[in-house]
Amino acid sequence: MADHNNPDTATLLPEPSRLAKGISDFFRSPAAAIGLIVLLIICCLALFAPWISPQNPYDLMQLDIMDGRLPPGSESMTGLVYQLGTDSQGRDILSGILYGLRTSLLVGVLSAFAAAIIGTTAGLFAAYMGRRTETVIMRLVDLQLSFPTILMALMMLAILGKGVTNVVIALIIAEWATYARTVRATALVEREKEYIEAARMMRLPGWRILFRHLLPNCLAPVIVIATMQVARAIGLEATLSFLGLGASVTEPSLGMLISTGYQYLLTGLYWISFFPGIALLVTIVAINLVGDRLRDVLNPRNAS
Amino acid sequence: MVTSIIRRLMQAMFVILAMTIIVFIGVSVIGNPVDILINPDANQAERARVIAHYGLDQPLWMQYLLFLKGLLQGDFGNSFVYGRPALGLILERLPATLELAVTALGIAIIFGLPLGLYAGLYPNRISSKLIMSGSILGFSLPTFWVGLMLIMVFSVELGWLPTNGRGPTAEVMGIQWSFLTGEGLRHLLLPAFNLALFKTSLIMRLTRAGIQEVLPQDYVKFARAKGLREQRVIAVHVLKNLMIPVVTIIGLEFGSLIAFSVVTESIFAWPGMGKLIIDSINLLDRPVIVAYLMMMVLLFVVLNFIIDVCYTILDPRVRLDAKA
């Protein structure tokens with residue numbers, strides 16, 4: 001993998017043996033292994049939802065209002081069995097969950113990824129440039145981190161208006177600072193190491209040192225935060241959709257499905273809220289288990 | 001120390017000022033107030049009258065100064081929905097939210113601290129491992145869904161507790177409180193537990209992590225070597241050193257409890273600020289949104305300031321000057 005004659009890539013990638021060791025380390029925890037497997041299954045379910053779900057829950061033509069609020073296991077007029085029941089619009093809950101997972105995962109991954117790119121770049125610049133740049137960036141980070149995520153998200157949604165796209169934007173704005181702070185802290189330590197000095201001695205251009213030498217060595221904490229952040233973002237998206245600020249009623253995400261079931265809960269129709277919640281919970285727990293283990297494996301203090 | 005406190009105070013002022021600019025730009029520039037304020041069917045003269053009435057014909061910096069002036073006087077304009085001053089509406093609902101947040105924080109401490117202590121002191125026991133797995137669950141469970149499930153189990157199935165509202169309140173010092181009446185207390189229970197769930201896990205994990213950091217320290221070994229009883233070592237030497245980070249986090253988390261009460265209040269129809277802000281965002285009630293946001297900014301800045309000052313007083317090693 002690594003071309004050792006090239007000064008750029010020599011420090012880039014971990015030795016294959018280290019990678020292999022990391023992977024075997026990861027699987028030493030049964031909980032993490034189960035988490036990863038469950039997560040992979042969930043990803044596949046979400047990916048192939050249009051082919052495996054019994055109906056298209058977003059296509060109002062396929063919904064029969066006469067089939068509204070049927071309990072799990074009921075059969076429709078056309079012979080379709082609603083394994084997990086239907087919601088008030090006659091939407092199959094199982095299909096709703098599968099499609100909802102798509103939205104959840106997409107929102108989670110997209111926002112975590114975008115926030116990671118913005119935050120990491122900001123953190124790297126802050127650490128490498130120092131002085132003014134650092135002060136400005138870090139002040140902004142402090143400002144942001146002194147308010148909880150949900151408040152930042154609410155503030156952004158109050159300004160931008162409702163909708164899934166705006167939820168993603170709100171999540172990015174609310175989360176980038178965490179990356180910036182961590183990356184800066186890591187980069188400040190890495191900056192003083194010999195390989196950076198060596199790169200400087202070779203008179204490599206600044207951007208090259210920054211992105212090809214400093215960045216790869218600051219990535220471990222970014223990966224860990226990003227994993228956890230995906231889970232947080234999924235939870236927040238669901239929460240915001242539940243509050244009616246995210247997905248629309250006609251294209252419900254998991255949070256919206258739970259929200260539509262809320263009013264029927266009091267009359268004992270539990271399944272509309274219950275099953276989407278379980279799907280949400282399993283997804284978040286699986287990601288957290290993986291993230292928790294990644295933190296242990298990637299933590300240099302535990303390496304020895 | 002006084003200089004560092006003054007310096008911190010100035011920083012706090014700066015944060016508030018920065019947030020006023022952000023909120024102003026957000027609400028006045030990105031979200032166009034003219035569209036919200038004016039009936040689309042209004043004629044030209046009517047439009048012009050409303051624009052002039054709200055000062056929207058002024059240059060932006062002038063509008064901002066007017067906004068600041070209103071802010072200092074606590075005047076955010078009248079709510080479009082209720083037709084009453086926005087700040088008054090929020091202050092009216094503040095006690096309900098505070099009551100909920102304080103109760104939730106109390107629950108989180110009562111459960112989180114001892115459980116974390118236990119898991120930290122006996123990390124190898126199966127019960128400790130169960131506690132820690134439970135805390136992962138507490139982190140992962142979406143608060144709003146847990147709220148629904150609590151309603152389902154305790155209200156619908158068992159019929160033990162009411163599902164919404166504050167119940168009857170008793171008045172003390174001109175403010176209505178739920179916890180003073182038995183029925184109000186029953187109304188408070190479910191929402192408070194719901195809100196406390198996440199924080200309980202957090203405090204639990206923090207306490208455990210803190211213990212594991214403190215236990216291998218020399219002063220703990222020394223205390224044991226002196227032959228002190230284990231209870232004393234833990235109560236005096238371990239707990240005391242554990243308290244600083246834990247108290248800080250609890251202080252910080254109180255603010256976030258108030259922010260998160262948005263969710264719990266919406267589920268249990270608890271008539272606090274959080275329910276109001278969600279309704280206001282849905283109804284585009286701009287004055288209330290702005291008033292709420294500025295209220296929260298002020299609250300968080302004050303909380304952070306108090307924590308920082310406490311830090312300098314509690315722990316002489318922390319010097320604010322060194323951090324700047």
Side-chain angles (χ1 to χ4, degrees), chain A residues 31 35 135 139-140 142-143 145-162 228 231-232 234-245 254-255 258-259 261-262 265-270 272-274 276-278 280-289 291-292, chain B residues 11-12 14-15 18-19 22-23 25-31 133 136-137 139-149 151-153 155-157 163-164 252-253 255-263 266-267 274 277-282 284 286 289-290 292-293 296-297 299-301 303-304:
Chain A
T135 319
R139 272 290 130 79
L140 214 58
D142 285 342
L143 181 71
L145 288 181
S146 54
F147 301 100
T149 325
I150 187 141
L151 187 66
M152 292 308 289
L154 277 181
M155 191 182 280
M156 294 322 296
L157 287 174
I159 292 170
L160 299 170
K162 303 184 258 181
M228 299 299 208
R232 277 175 56 116
I234 289 176
L236 265 172
E237 185 275 329
T239 305
L240 293 168
S241 286
F242 175 78
L243 294 173
L245 304 175
L254 291 178
I258 296 171
S259 166
Y262 173 41
L265 202 66
L266 298 177
T267 48
L269 310 182
Y270 68 93
I272 309 175
S273 289
F274 181 74
I278 292 286
L280 194 62
L281 174 64
V282 170
T283 312
I284 295 177
V285 171
I287 298 175
N288 278 341
L289 284 175
D292 223 31
Chain B
Q11 277 176 16
F14 176 77
V15 170
M19 290 311 281
I22 292 172
V23 170
I25 290 178
V27 184
S28 304
V29 183
I30 301 175
S133 313
I136 291 189
L137 204 64
F139 263 129
S140 307
L141 281 166
T143 309
F144 66 98
W145 186 72
V146 175
L148 296 190
M149 292 305 116
I151 288 183
M152 199 175 90
V153 174
S155 303
V156 179
E157 296 297 324
T163 56
N164 62 49
L252 279 173
E253 290 304 322
S256 105
L257 267 179
I258 290 185
F260 264 101
S261 68
V262 166
V263 182
S266 294
I267 299 168
I277 181 68
I278 295 299
D279 293 345
S280 302
I281 292 178
N282 276 316
L284 295 175
R286 198 171 73 112
I289 296 174
V290 173
Y292 175 83
L293 290 180
M296 294 305 275
V297 168
L299 178 83
F300 274 89
V301 170
L303 265 179
N304 284 338

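Every chain is numbered from 1 and lettered A, B, ... according to where its sequence line falls, protein lines coming before strand lines. Note that the coordinates shown come from a computational prediction; the quantities given were computed from them, not determined experimentally. Only this structure's heavy atoms are used, side chains among them; waters, hydrogens and symmetry mates stay out.
- Side-chain contact between Leu151(A) and Val262(B): absent, with no pair of heavy atoms (C-beta onward) separated by less than 4.5 Å.
- Of the listed residues (Ile267(B), Thr143(B), Leu299(B)), the greatest number of heavy-atom pairs within a distance under 4.5 Å of chain A belongs to Ile267(B).
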Apply side chain to side chain contact (heavy atoms under 4.5 Å, CB included) to Leu148(B) and Phe274(A), showing your working.
-> CA-CA 9 Å; Leu148(B) 296 190; Phe274(A) 181 74; over 6 Å; no

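- Put simply, CZ on Phe14(B) and CG on Leu143(A) are 8.0 Å apart, with the number rounded to the nearest 0.5 Å.
- By the side chain to side chain donor-acceptor pair (under 3.5 Å) test, Ser261(B) is found to be paired with Glu265(B), residues two or more places apart in sequence or in another chain being considered.
- Under the ring-ring contact (aromatic ring centres under 6.0 Å, His included) criterion, Tyr292(B) pairs with no residue at all, not counting sequence neighbours.
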Test log, rule side chain to side chain contact (heavy atoms under 4.5 Å, CB included), inputs Phe144(B) and Leu280(A) = CA-CA 11 Å; Phe144(B) 66 98; Leu280(A) 194 62; 3.9 Å; yes

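- Looking at Ile278(A), the atoms closer than 4.5 Å to chain B (heavy atoms on both sides) sit in the backbone and in the side chain alike.
- Both the backbone and the side chain of Leu141(B) come within less than 4.5 Å of a heavy atom of chain A.
- Using a 4.5 Å cut-off between heavy atoms, Val297(B) touches chain A through backbone and side chain atoms alike.
- Contact annotation for Ile289(B): only side-chain heavy atoms (C-beta onward) come within less than 4.5 Å of a heavy atom of chain A.
- If you take CD1 on Ile278(B) and CG on Leu245(A), they are separated by 5.0 Å, rounding to the nearest 0.5 Å.
- Counting heavy-atom pairs closer than 4.5 Å to chain A, the top residue among Ile281(B), Leu303(B), Val23(B) is Ile281(B).
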